[in-house]
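In the text below, chain A, chain B and the rest are named by the order of the sequence lines, each starting its count at 1.
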Amino acid sequence: MLTDHFSELENLRLEKMEQLRQMGIEPYPTRSYKNSNNADAIKAFEAREAAGEPEGLKLTLAGRLRAIRNMGKLSFAHIEDRSGRIQLFMRINELGQEKLDQFVRFFDLGDFIEATGTMVRTKRGEVTLQVEDFRMLSKALYQLPAAKDEVVDGEIVRHAALTDPETRYRQRYVDLAVNPEVREIFRIRTGIIKALREFLDERGFQEVETPILQPIYGGAAAKPFTTYHNQLHQQLFLRVSFELYLKRLLVGGLDRVYEIGRDFRNEGVSFKHNPEFTQLEFYMAYADYNTIMEMTEQMVSQVAQRVLGTMVIEYEGHKINLTPPWNRMQMRQGLIDHAGIDIQEYPTAEGLADIMKARQIPFKPGTPRGKLINTLMETYLEPVMIQPTFLYDYPRDISPLAKAKPEDPNTVERFEGYIGGVELCNAFTELNDPLDQEKRFLELGRAYAEDDEERNPMDEDFLRALAYGMPPAGGFGIGVDRFVMMLTGQHTLREVILFPPLREEDNAAPEAAE
RNA sequence: GGGCGCGUAGCUCAAUGGUAGAGCAGCGGCCUUUUAAGCCGUUGGUUCAGGGUUCGAGCCCCUGCGCGCUCACCA
């Protein structure tokens, strides 16, 4: 039972709750009669003041008790709802001794209260509800972490705020309840996703949903999560990307499609990697990677403008300007400029491996050429791509779904967008030649060892779809969580994911049956 | 998975190997315009868990658990 482990403090609250019930007062009433939120109440009162008629604005407000100051025959309190805080002013004059005592005796920080009264401005100038009646809406049995806000020169200084990351992530509800800036991050997150949708909707894109449980995973070199369907007696994978399904829709005539949803990759966790993450992919027929590049800088900057009201953001100590056009850096030229290596002079993995060994850049033996180039890119190029930069023209062998450049069969029309040295998005001119696609899958199969979990199984149905004819198209994917991280100035994805993954709390539990 | 660091009251934090403390929250009292309200008094601890060293361990050692940073991994 919940109450079995109650502390002294919690038992005290439990007793208060039970006493209320004994007095015939339901501590968890079914309905609330709140008729304004706190911010609107303040606005309405100020409007009446401006009109010279401040008296007589009677409202019923409600929210969580966040501060209480009892002063004998009167009490002040602050309540908080989604719109913000408002002060309650309770006097013995309006309430009488018994009712005021009820507040002092039975109401604690964290409880939800409903108060009816008249809007006034106190002597210190704060717009306040002078309470004529109140009632409990929900009794909190646990106390929220104590935090007090002090206003110093207009800045809010919080004392003893909840900061322990484990508690914050494990009990995100507590974090959200006491840390308004955390609520703000997730308000922005919602705004970003909404703005992304609007951007695509305005351009005639159709939003779709494709399978998360897939018999064959693909579209990215990633290790999948596996699961099992009992009735179908079939192993299924949680998708690692949407790509192969969305391109099937291009075959089906959905010329402009997108999906926003969750991808799952069974890999390491870091400040920029989470096992499940939100991805936006869109595909646009009759477009190529140049079109998509321009669209990307439009999309990212316009979303920032809509949500933050600015295209200039602060990230990891850098002032970053998202205004188009962004920097463009060709992969080969970038490596010549920043690494002094012309990859065209090293057509084999062995040649590149030698020069990397000479420079003491670690890599696993037997790594294919494309992956080595990628390592060079991460070493030399990522750190210089602080301002928004498109890195374009990738090696063919790490881009099995991208179309080769007409003049260079070993290079594909692909770009990644970087901000603050972190990869934000990935796009290419889509490969629509079914026979070439089949060849790429086969090449890829040979490049990976038999037991390499990143080795993608061949998706025969995808090839079948391509064989029916897919229009030339540009495709695009963006890590929405990373985007949110950048726009909110956070250092880690965990701060923009409501419930980040944590190890199980109770390890005393018996081993789960395998 | 490797390395490093951390784990003390509900929260934020103290405590040379020698009686575990403070502020806030809580509880009792005073207080009719407060806002980190104030004043007086006061409760509250499996110091993450288990083992070891020691006359004596929050502190030193070992193991485990959890969290963080970092490396590896990561189109």
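- Nearest nucleotide to the A/Lys148 side chain, out of B/G68, B/A36, B/A75: B/A36.
- Counting non-hydrogen atoms under 4.0 angstrom, A/Lys16 reaches the backbone sugars and phosphates but no base.
- Remark: aromatic rings of A/Phe107 and A/Phe134 are close, center separation under 6.0 Å.
- The side chain of A/Arg503 contributes an N or O atom lying less than 4.0 Å from OP1 or OP2 of B/C67.
- Within 4.0 Å of A/Phe89, counting heavy atoms only, lies at least one base atom of the nucleic acid.
- Distance, A/Lys73 NZ to B/U33 P: 11 Å, rounded to whole Å.
- Taking atom CZ of A/Arg13 as the reference point, atom P of B/U43 lies 21 Å away to the nearest angstrom.
- Put simply, the side chain of A/Pro395 does not reach to within 4.5 Å of the side chain of A/Lys371, judged on heavy atoms.
- The gap from the C1' atom of B/G23 to that of B/G66 amounts to 27 Å, rounded to the nearest Å.
- Atom CG in A/Leu109 sits about 9 Å away from atom P in B/C27, given to the nearest Å.
- Side-chain nitrogen and oxygen atoms of A/Lys223 include none within less than 4.0 Å of the OP1 or OP2 phosphate oxygen of B/A75.
- At least one side-chain nitrogen or oxygen of A/Arg170 sits closer than 4.0 Å to the OP1 or OP2 atom of B/C67.
- When both distances must be under 3.5 Å, the Watson-Crick or G-U wobble mate of B/A75 does not exist.
- Side chains of A/Phe483 and A/Leu280 form no contact here, defined as non-hydrogen atoms less than 4.5 Å apart.
- The partner of B/A15 cannot be assigned: no Watson-Crick or G-U wobble pair with both contacts below 3.5 Å exists in any strand.
- If you check every strand for non-hydrogen atoms under 4.0 Å, A/Pro362 touches nothing.
- B/G38 and B/C30 make up a base pair, with Watson-Crick or G-U wobble contacts both under 3.5 Å.
- For A/Glu8 against B/U43, a side-chain-to-base donor-acceptor contact under 3.5 Å is absent.
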With sugar-phosphate taken as primed atoms, P, OP1 and OP2 and all else as base, the protein-contact string of nucleotides 2-13 of chain B at under 4.0 Å (heavy atoms; B, S, -) is --------BBS-
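- The base of B/U32 lies close enough to the side chain of A/Asn93 for a donor and an acceptor atom to sit less than 3.5 Å apart.
- Here B/U53 sits opposite no nucleotide as a Watson-Crick or G-U wobble pair (both hydrogen-bonding atom distances under 3.5 Å).
- For the C1' atom pair drawn from B/G21 and B/C60, the interatomic distance equals 23 Å after rounding to whole Å.
- Ranking B/C27, B/U33, B/A75 by closeness to the A/Leu12 side chain, first place goes to B/C27.
- A/Tyr169 contributes atom OH, which lies 9.0 Å from atom CG of A/Leu502 (distance to the nearest 0.5 angstrom).
- In this entry the distance linking CZ of A/Phe415 with P of B/A75 reads 18 Å, nearest Å.
- Using P as the reference atom, B/G64 and B/A22 are 37 Å apart when rounded to the nearest Å.
- Separation of the C1' atoms belonging to B/G45 and B/C40 is 26 Å when rounded to the nearest angstrom.
- Distance noted for atom P between B/C6 and B/C62: 13 Å (whole Å).
- From A/Phe103, atom CZ reaches atom CE of A/Met90 across 3.5 Å, with rounding to the nearest 0.5 Å.
- If you check B/U35, B/U33, B/G68 against the side chain of A/Pro165, the one that comes closest is B/G68.
- Note: A/Glu80 CD to A/Ile86 CD1 = 12.5 Å, rounded to the nearest 0.5 Å.
- Within 4.0 Å (heavy atoms only), A/Glu166 reaches sugar-phosphate atoms of the nucleic acid but no base atom.
- Pair assignment for B/U8: none, as no Watson-Crick or G-U wobble contacts are both less than 3.5 Å.
- Within the nucleic acid shown, A/Glu126 comes within 4.0 Å of at least one base atom, counting heavy atoms only.
- Across B/C39 and B/A20, the matching P atoms stand 30 Å from one another, rounded to whole Å.
- Distances shorter than 4.0 Å separate none of the side-chain N or O atoms of A/Arg69 from OP1 or OP2 on B/U35.
- Residues A/Leu20 and A/Lys16 form no side-chain contact, since every pair of their non-hydrogen atoms from C-beta on lies 4.5 Å or further apart.
- Within the cation-pi definition used here (under 6.0 Å to the ring centroid, within 45° of the axis), A/Arg172 does not qualify as a partner of A/Phe499.
- Nucleotides B/C55 and B/C69 have their C1' atoms positioned 40 Å apart, rounded to a whole Å.
- Inter-residue side-chain proximity for A/Met377 and A/Tyr418 is flagged as met; some heavy-atom pair is nearer than 4.5 Å.
- To the nearest 0.5 angstrom, A/Arg170 atom CZ is 9.0 Å from A/Glu504 atom CD.
- Side-chain proximity of A/Phe76 to the nucleotides B/C24, B/A75, B/U34 is greatest for B/U34.
- The CD1 atom of A/Ile68 sits 14 Å away from the C1' atom of B/C24 (whole-angstrom rounding).
- Pairing for B/C59 is absent, judged as Watson-Crick or G-U wobble with the two contacts each under 3.5 Å.
- If you check every strand for non-hydrogen atoms under 4.0 Å, A/Arg494 touches sugar and phosphate atoms only.
- Regarding contacts with the backbone of B/U35, a side-chain N or O of A/Arg124 is found under 4.0 angstrom from either OP1 or OP2.
- Cation-pi geometry between A/Arg248 and A/Tyr245 is met: under 6.0 angstrom from the ring centre, within 45 degrees of the axis.
- Rounded to whole Å, the P atom of B/U32 lies 28 Å from the corresponding atom of B/U43.
- Atom CZ of A/Arg440 and atom P of B/A75 are 17 Å apart (whole Å).
- Among the protein residues, A/Ser399 comes within range of no part of the nucleic acid, since none of its heavy atoms lies under 4.0 Å from any strand.
- Atom CG in A/Leu65 sits roughly 15 Å away from atom C1' in B/G26 (whole-Å rounding).
- In this entry the distance linking CE of A/Met71 with C1' of B/G29 reads 15 Å, nearest Å.
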